[in-house]
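A quick write-up on the structure given underneath.
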Amino acid sequence: TILNVRPNGERPALHLRGASDHFLPPKKEDFNIYNCKVLHLGGTGLLNKMDGPSSVKLLKEAKENGCLTTFDLIATNDDTINIVKPLLPYIDYFMPSIEEAQDLSQIKDPKEIAKFFIDNGAKNCIFTMGDEGSVFISKDEYIKTPAFEIDVVDTTGCGDAFDAGMIAAIVKGFDLEKALKFATITSALVATGLGSDAGIKSFEDSLEKMNKVLSVNVEDFDCRVQACVTKEQLNDYLREDGVFFPIDPGANAAIGGMASTSASGTMAVKYGTMKTVITGLTVVLPNGDIIKTGSRTKKTSAGYNLTNLF
């Protein structure tokens, strides 16, 4: 496979089918691939011998052996849906890109696409959506995570990195919202350099990237942070500039949680509460829409005060 990376990070592939067409899993007596928490099947569509009954057998046996199963594919054509449909009852997390999911289902709306795959047996659907982030959809839940702000260099491997991040988060016991964020930042980090694993240093480094102070404007006494940044982390960051974040609810809470509960604390009389110090938010609405409210400007008399609705 030859990847021609364009200036915007896209990479059309020149591909000659070869060894992948002859791949099959080892016999269980030679190597027990089911001795794991999560079994991931990827590459469907370019695995000639593996696609079809062999993949059904693999996923079915994985479930019988107590594994969680995750699934992604690599190429779609008119026949791919006939390969994928028999697999769905044995898939816990169905994780294609939104474009692949649209091609397979011939449906455009993500919620309707998820319903199609869930009705055909998949337990949960997770779609990567490029610069719109990612979305988790099950029968009972809908969670959307916006994309992280990065300078895109090369998108090679982003889908695989997302899958790996999601699997790692599941194994670590993260809740679904945190797992989706972790998978999204893992995918974003890969896009920051050339190659399929650029930007990935370690699990701990990727986790830290979810808790990022984006900017500090000392002269204006404001800053931009991601929701998982904690009070103590922010104050450690601000200390060298001689300023501090005054809201102190007692625990080392995350800024996002403090914002959602309008936290106050022991210094509220002097410095106010979260309601008075937040000038703008990036909010994911229940229907998945992402909106930005407010700005760095302190003035609030013009227009609706949407920030304080949240």
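The analysis underlying the following values was restricted to heavy atoms, covering all of them including side chains, and did not include hydrogens, waters or symmetry mates.
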What one should report as the nearest heavy-atom pair of P249 and A263 is CB-CB, 4.2 Å
For a 4.5 angstrom cut-off between non-hydrogen side-chain atoms, does C125 reach I113? no
Aromatic ring centroids of F221 and F244 under 6.0 Å? no
Quick one: which of Y93, F71, F94 gives a side chain to side chain contact (heavy atoms under 4.5 Å, CB included) with I126? Y93
Closest non-hydrogen atom pair between T273 and A268, with its separation: CG2-CB, 4.2 Å
Tell me whether R239 is salt-bridged to D236, with the criterion being a basic N under 4.0 Å from an acidic carboxylate O. yes
Any salt bridge linking D21 with K49? Criterion: basic side-chain nitrogen under 4.0 Å from a carboxylate oxygen. no
Side-chain donor-acceptor pair under 3.5 Å between N32 and N35, yes or no? no
For T145 and K181, which I'm curious about, is there any donor-acceptor pair between the side chains at under 3.5 Å? no
On the 0 to 90° scale, with breaks at 30° and 60°, tag the F174-F182 ring pair as parallel, tilted or perpendicular. perpendicular
Least distance between heavy atoms, C67 atom then Y34 atom: SG-O, 3.4 Å
For K275 and S262: C-alpha separation, side-chain torsions, deciding distance, then whether side-chain hydrogen bond (donor to acceptor under 3.5 Å, both in side chains) applies. CA-CA 5 Å; K275 181 178 180 180; S262 191; over 6 Å; no
Can you see whether Y142 has K111 sitting over its ring - NZ or CZ less than 6.0 Å from the centre and within 45° of the normal? yes
Could you tell me if E100 and S97 have a donor-acceptor pair between their side chains, going purely by distance under 3.5 Å? yes
Between D248 and G265 (side chain of the first, backbone of the second, donor and acceptor by atom type, cut-off under 3.5 Å), is there such a pair? no
Does either side chain, that of T80 or that of N77, offer a donor lying less than 3.5 Å from an acceptor on the other one? yes
Closest approach of D154 and G193, non-hydrogen atoms and distance? CB-O, 3.4 Å
Taking C-beta and beyond as the side chain, do T44 and I74 meet within less than 4.5 Å on heavy atoms? no
